[in-house]
Q: 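The following block contains the structure, expressed as structure tokens.
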Amino acid sequence: MKNLTEIYGCMVFNDATMKQRLPKETYKALKKCVAQGESLPRSVADVIANAMKDWAVEKGATHFTHWFQPMTGITAEKHDSFLNPLDNGTAIMEFSGKELIKGEPDASSFPSGGLRATFEARGYTAWDPTSYAFIKENVLYIPSAFYSYSGEVLDKKTPLLRSEEVLNQQALRILRLFGNTAVHKVSTTVGPEQEYFLVDRAMWEKRKDLRYCGRTLFGAPPPKGQELETHYFGSIRPQVLAYMADLDEELWRLGIPAKTEHNEVAPAQHELAPIFTTTNLATEHNQLTMELMQKVAERHGLVCLLHEKPFAGVNGSGKHNNWSLSTDTGANLLDPGKTPHENAQFLLFLCAIIKAVDDYQDLLRLSVATAGNDHRLGANEAPPAIISIFLGDELTAILEAIEKGEVYVGHEAIEMEVGVGALPHFRKDTTDRNRTSPFAFTGNKFEFRMLGSSLSIAGPNIVLNTIVAEVLGQFADELEDTQASMKDLGSSLKTLLSRVVRDHKRILFNGNGYDDAWVKEAEKRGLLNLPSAAEALPYFVADKNIEVFTKHNVFSEAEMRSRCDIMLEGYSKLIAIEAGTMLEMIRKDIVPAAYTYLHRLADTGRSMKEMCPDLVCGQLGGMIEALCGMMDELQDKANALAEELATAKQESDDKKAALLFRKKVLPAMEVARGVADIIEQHIGEKYWPYPTYGSLLYGV
Ligand code: ADP
Ligand code: MG
């Protein structure tokens with residue numbers, strides 16, 4: 001492999017490249033526009049576009065594309081060449097500022113939830129200069145926002161950028177209260193840890209369920225599952241190692257800071273974690289990572305499964321969204337800090353997050369709600385569907401002391417000096433770790449652990465940023481009113497923090513989130529438990545949620561209602577595809593295979609009888625009878641599933657339909673699968689139409 005530092009970011013039109021390639025004034029103008037959120041003058045855009053094109057063409061690019069994040073959860077692109085034919089039969093490569101700034105893909109086939117009638121197919125993409133253009137497979141990618149003719153937002157990027165901006169504004173108000181005038185920008189940072197499975201491509205091709213649905217719909221448990229726990233952090237097999245090295249190089253070329261790779265708990269499961277960066281970039285990087293994981297796998301005769309639960313009975317895959325706030329002066333606002341002053345500010349941010357998570361449990365829960373993730377949450381491999389916060393023992397004790405107005409006497413407690421001295425001083429606590437909490441404080445950041453592996457991280461971060469901004473705004477309103485001197489700030493802070501802890505401590509839970517007892521305890525505390533996406537998604541348009549998003553201009557009400565419909569509809573469609581695939585597999589593959597095997601058994605019996613008429617083939621007869629019985633049952637269950645599917649498909653109300661899929665179709669699928677899995681165990685392997693769990697999980 002080539003020198004890492006040489007290849008890192010070599011395909012990105014990043015800050016260093018811009019500085020080198022753009023005329024000084026252009027570079028300055030661009031920086032200024034980005035910093036102040038203004039749009040670029042056309043003349044400046046022309047210069048940038050031309051420099052970008054020259055750079056891209058030198059690197060072999062022939063096309064450009066506006067690259068955007070529609071509500072499908074994956075990214076979209078449409079390539080245009082730089083070609084401009086001349087009258088004399090030759091051609092030149094051209095790229096204008098106009099083309100850089102605005103694109104016009106035909107948008108009629110992207111989900112819009114009724115926001116844009118299909119006769120008004122026009123949708124626009126607009127360059128996001130806060131991100132970086134890059135080259136992939138000879139195409140210049142221009143990160144873009146996506147919106148409709150009438151201005152409604154149709155993507156995941158725009159609300160994310162807006163949520164970052166509101167968080168910035170409200171966090172700055174808090175910093176000003178503490179007398180901090182040096183900071184001009186607060187950004188959220190994210191490091192998403194990504195889990196995935198690798199399976200053999202030839203085997204994958206033989207399974208319609210994996211091909212159509214990304215997960216197995218059948219499969220008897222293999223004799224060896226994950227019970228020995230030998231895979232986690234185990235030595236990585238050569239084929240996988242080669243894959244990871246190849247993937248790393250691809251990611252590094254795109255400036256994606258892939259850092260940590262290891263085997264995960266389940267056989268064939270792995271994880272990749274990048275070094276954290278600002279949220280907008282981290283989101284794009286994660287989308288690219290997922291895409292490249294799949295593309296690179298192809299070159300290695302593998303398939304990368306990003307589904308949340310590819311195999312029943314084996315741990316599924318999630319994504320941990322590590323989230324924090326950092327300033328343009330390089331401080332992490334969720335770092336407790338070294339002085340009492342920093343501690344007080346930290347506690348205020350911490351309590352804002354606690355209140356936000358408690359007030360908007362439903363939003364956080366539904367931000368990770370998908371059909372795939374429903375298989376994980378609450379299944380003893382992932383956090384429960386109940387939102388709670390883990391703080392660790394020391395921080396919890398500090399908050400308890402604040403609530404009671406007592407002096408905290410922990411091992412690191414130090415006497416107070418400045419005006420905010422009413423609050424305790426403490427150091428970063430890195431002692432305890434809790435892996436069962438959905439939302440855990442891990443020393444200087446929060447780790448939101450409920451995300452499914454295939455999810456775009458935009459959604460959860462839009463929610464996090466907006467709800468924390470809302471509460472920071474409430475705190476700022478209260479403290480700005482009462483603030484006259486630093487001393488007063490100290491006492492108002494104390495009152496505020498003590499009240500927030502009292503009102504919201506129900507959301508704090510340091511115990512084992514996988515324990516059934518927690519479900520009961522959470523109910524007693526009045527915490528929301530929304531076990532499935534069908535139940536969670538409608539909360540998106542609850543009054544208080546519409547209020548918070550519209551107040552901060554992150555979404556309009558119409559955008560929220562349409563997004564809710566899109567999510568519910570997507571949920572139902574996905575399960576309908578799974579059920580349809582299941583029926584096809586039963587009727588076209590499993591039933592014929594089982595009858596072929598039965599035929600073989602019957603033939604065997606018949607020829608044995610012919611040779612030795614007195615022979616008693618009790619076992620064989622029993623096998624045939626039992627299998628015939630199972631086959632009848634399987635076909636009954638398939639018919640029952642077909643009926644449930646037809647009924648659910650007819651329901652026109654999105655909310656009701658989603659519930660029918662959840663409560664009727666999925667259970668019918670489970671039942672049919674149960675029978676098929678038993679049949680699999682009674683049939684000779686070479687008759688079974690699909691590679692088994694054993695060969696899939698241990699085939700790489
Ligand atoms: P673990 O597996 O123990 O959770 P990892 O080291 O695998 O830890 O992942 C931690 C992730 O958190 C990394 O992606 C890291 O870059 C990220 N991270 C660290 N500090 C911050 C921060 N201030 N903001 C956001 N993410 C962070
Ligand atoms: Mg983690």
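In listed order, ligands and their atoms are each counted from 1.
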Q: With sequence neighbours excluded, tell me which residues meet side-chain contact (heavy atoms from CB on, under 4.5 Å) with Asn380.
A: Tyr514

Q: Please work out which of Phe276, Trp323, Phe446 has its closest non-hydrogen atom nearest to atom 18 (N) of ligand 1.
A: Phe276

Q: Looking at CD of Glu470 and CG of Asn465, how far apart are the two atoms once the value is rounded to the nearest 0.5 Å?
A: 13.5 Å

Q: Test of understanding: given a 4.0 Å heavy-atom threshold, classify the contact between Thr260 and ligand 1 as side chain, backbone, both, or neither.
A: neither

Q: N/O of Glu193 under 3.5 Å from N/O of ligand 1, yes or no?
A: yes

Q: Tell me whether Thr189 has any N or O atom under 3.5 angstrom from an N or O of ligand 1.
A: yes

Q: Taking Arg506 first and then Glu521, would you say they form a salt bridge - that is, a charged N and a carboxylate O separated by under 4.0 Å?
A: no

Q: Can you list the ligand 1 atoms lying under 4.0 Å from a non-hydrogen atom of Ile275?
A: 16 (O)

Q: Would Pro274 count as a polar contact of ligand 1, with the cut-off being nitrogen or oxygen pairs under 3.5 Å?
A: yes

Q: So, applying ring-ring contact (aromatic ring centres under 6.0 Å, His included) with Phe446, which one of Phe439, Phe349, Trp323 is it?
A: Phe439

Q: Could Glu250 and Lys295 be called an ion pair, given the rule that one side-chain N must be under 4.0 Å from one carboxylate O?
A: no

Q: Counting each atom of ligand 1 from 1 as listed, which ones have a heavy atom of Arg435 under 4.0 Å away?
A: 3 (O)

Q: Under a 4.5 Å cut-off applied to non-hydrogen side-chain atoms, are Val357 and Leu364 in contact?
A: yes

Q: For ligand 1, which atoms, with element, lie under 4.0 Å from some heavy atom of Asn332?
A: 23 (N)

Q: Hey, which atoms in ligand 1 end up nearer than 4.0 Å to a heavy atom of Glu447?
A: 4 (O)

Q: I want to confirm something. Looking only at heavy atoms, which of Thr188, Asn322, Thr278 is nearest to atom 12 (O) of ligand 1?
A: Asn322

Q: Relative to each other, are the rings of Phe134 and Tyr141 parallel, tilted or perpendicular (30° and 60° limits)?
A: parallel

Q: Mark the output for His320 as yes if a heavy-atom distance to ligand 1 is under 4.0 Å, and as no if none is.
A: no

Q: Nearest 0.5 Å, what's the CG-CG distance between Asp200 and Leu302?
A: 7.0 Å

